[in-house]
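Okay, structure first, notes after.
This one's a predicted model, so the numbers in the text were calculated from it and none came from an experiment.
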Amino acid sequence: MLKASDIMTKDVVMIGGLATVEEAVKLMRSKGIRSLIVKRRHDQDSYGIVTESDVVYKVTAYGTDPKAVRVYEIMTKPCVVINPDLGVEYVARLFANLGLHRAPVISGEVLGIISITDILKKGDFLEKPKALTLQEEIEKAIAEARKTCQDKGPNSPECAVAWEIVEELEAEAAHQQAKKITKTKFEEYCEEHPDAIEARMYDT
């Protein structure tokens, strides 16, 4: 799975919160970008973000003089930050749930910025749709679980662990599709092998 760090834009442009909106707009225009990361004032402070939407919705829409408004007055702070190791699919889901278009990628310091454009242009969802990849993983895990249970016994700890892997994958797939699992593959297996339920009683 591609991670945020794989597709993020590394050339991040930052600005201070005391800068005027005019300065922010000029910087966006000169760099050909749609947002700026607002610098922290100290190590315990959070990062902020100011976007073209902030400028248009909060300044331009009211005919306010951009020279008279400071970045800190219209920015979002603290802003949502992305872990560089977060899978692109989960970045997309986070954006969808929060209505975001972009967010900084941070791990101690700003490493980059990721946007819906990055996801669209650099993501591998066309070649590797997550739903299909997950289904393949589930089918492979089921085959491995059945083999493990055949070799070690249906009520063995190894059998239980193998089916837990299947159930975790099933849960992820159900969450992705916003569906409820009516019957897990382990429950189906227990219908064939009733003594397999004893595998849930192993010591961890």
Side-chain angles (χ1 to χ4, degrees), residues 1-10 46-47 49 76 78-108 110-204:
M1 178 191 296
L2 284 176
K3 300 183 295 185
S5 58
D6 295 324
I7 69 169
M8 68 183 183
T9 299
K10 295 180 181 179
S46 63
Y47 288 98
I49 187 170
T76 298
C79 61
V80 173
V81 301
I82 303 298
N83 185 301
D85 293 326
L86 188 64
V88 171
E89 173 211 347
Y90 297 107
V91 176
R93 196 178 305 175
L94 180 65
F95 281 12
N97 290 342
L98 299 180
L100 299 176
H101 287 177
R102 58 188 59 79
V105 179
I106 296 176
S107 181
V110 178
L111 304 177
I113 189 166
I114 186 169
S115 69
I116 55 176
T117 301
D118 292 319
I119 295 172
L120 186 65
K121 290 185 176 180
K122 306 172 189 175
D124 61 354
F125 61 92
L126 291 180
E127 298 80 9
K128 299 178 181 178
K130 182 62 178 176
L132 296 181
T133 302
L134 260 180
Q135 189 56 44
E136 291 174 358
E137 290 181 23
I138 290 171
E139 291 173 2
K140 180 179 178 182
I142 290 172
E144 291 178 355
R146 285 184 171 276
K147 184 176 186 306
T148 298
C149 295
Q150 182 178 351
D151 295 343
K152 301 292 184 178
N155 61 348
S156 66
E158 292 85 355
C159 180
V161 170
W163 282 111
E164 282 180 1
I165 293 172
V166 173
E167 289 182 332
E168 287 175 1
L169 290 169
E170 285 182 302
E172 184 177 352
H175 176 68
Q176 181 189 61
Q177 299 168 18
K179 294 181 179 178
K180 184 177 180 180
I181 299 175
T182 54
K183 184 185 293 186
T184 67
K185 295 300 180 182
F186 177 66
E187 290 171 334
E188 292 179 5
Y189 179 76
C190 286
E191 291 176 356
E192 302 171 26
H193 305 275
D195 56 340
I197 195 65
E198 295 178 19
R200 291 298 195 202
M201 302 175 184
Y202 69 93
D203 293 329
T204 55

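The distance from atom CG of Asp118 to atom CG of Asp6, rounded to the nearest 0.5 Å, is 11.5 Å. Rounded to the nearest 0.5 angstrom, Ile7 CD1 and Ile119 CD1 are separated by 5.5 Å. Between the CG atom of Leu94 and the CG atom of Leu86 there is a distance of 7.5 Å, given to the nearest 0.5 Å. Atom-to-atom distance recorded for Lys10:NZ and Leu111:CG is 9.5 Å, nearest 0.5 angstrom. Between Leu100 atom CG and Cys79 atom SG the span is 9.5 Å, to the nearest 0.5 Å. Going from atom CD of Glu167 over to atom CD1 of Ile142 covers 10.5 Å, rounded to the nearest 0.5 Å.
When all heavy atoms of Cys159 and Pro154 are compared, the closest pair comes out as SG-O, 3.4 Å. Across Cys149 and Trp163, no two heavy atoms sit closer than the pair SG-NE1, 3.2 Å. Taking every heavy atom of both residues into account, Asn83 and Val105 meet most closely at C-CG1, 4.3 Å. For Thr9 against Lys122, the heavy-atom pair with the smallest separation is OG1-NZ, 3.8 Å. Pairing each heavy atom of Ala141 with each of Ile165, the nearest pair is CB-CG2, 4.4 Å. Considering all non-hydrogen atoms of both residues, Ala4 and Ile82 come closest at CB-CG2, 3.7 Å.
Evaluation of the salt bridge (charged side-chain N to carboxylate O under 4.0 Å, His left out) test over residues 149-158, restricted to residues two or more places apart or in two chains, returns Lys147-Asp151.
Here Asp85 pairs with Lys3 under the salt bridge (Lys or Arg N to Asp or Glu O under 4.0 Å) rule; sequence neighbours left out.
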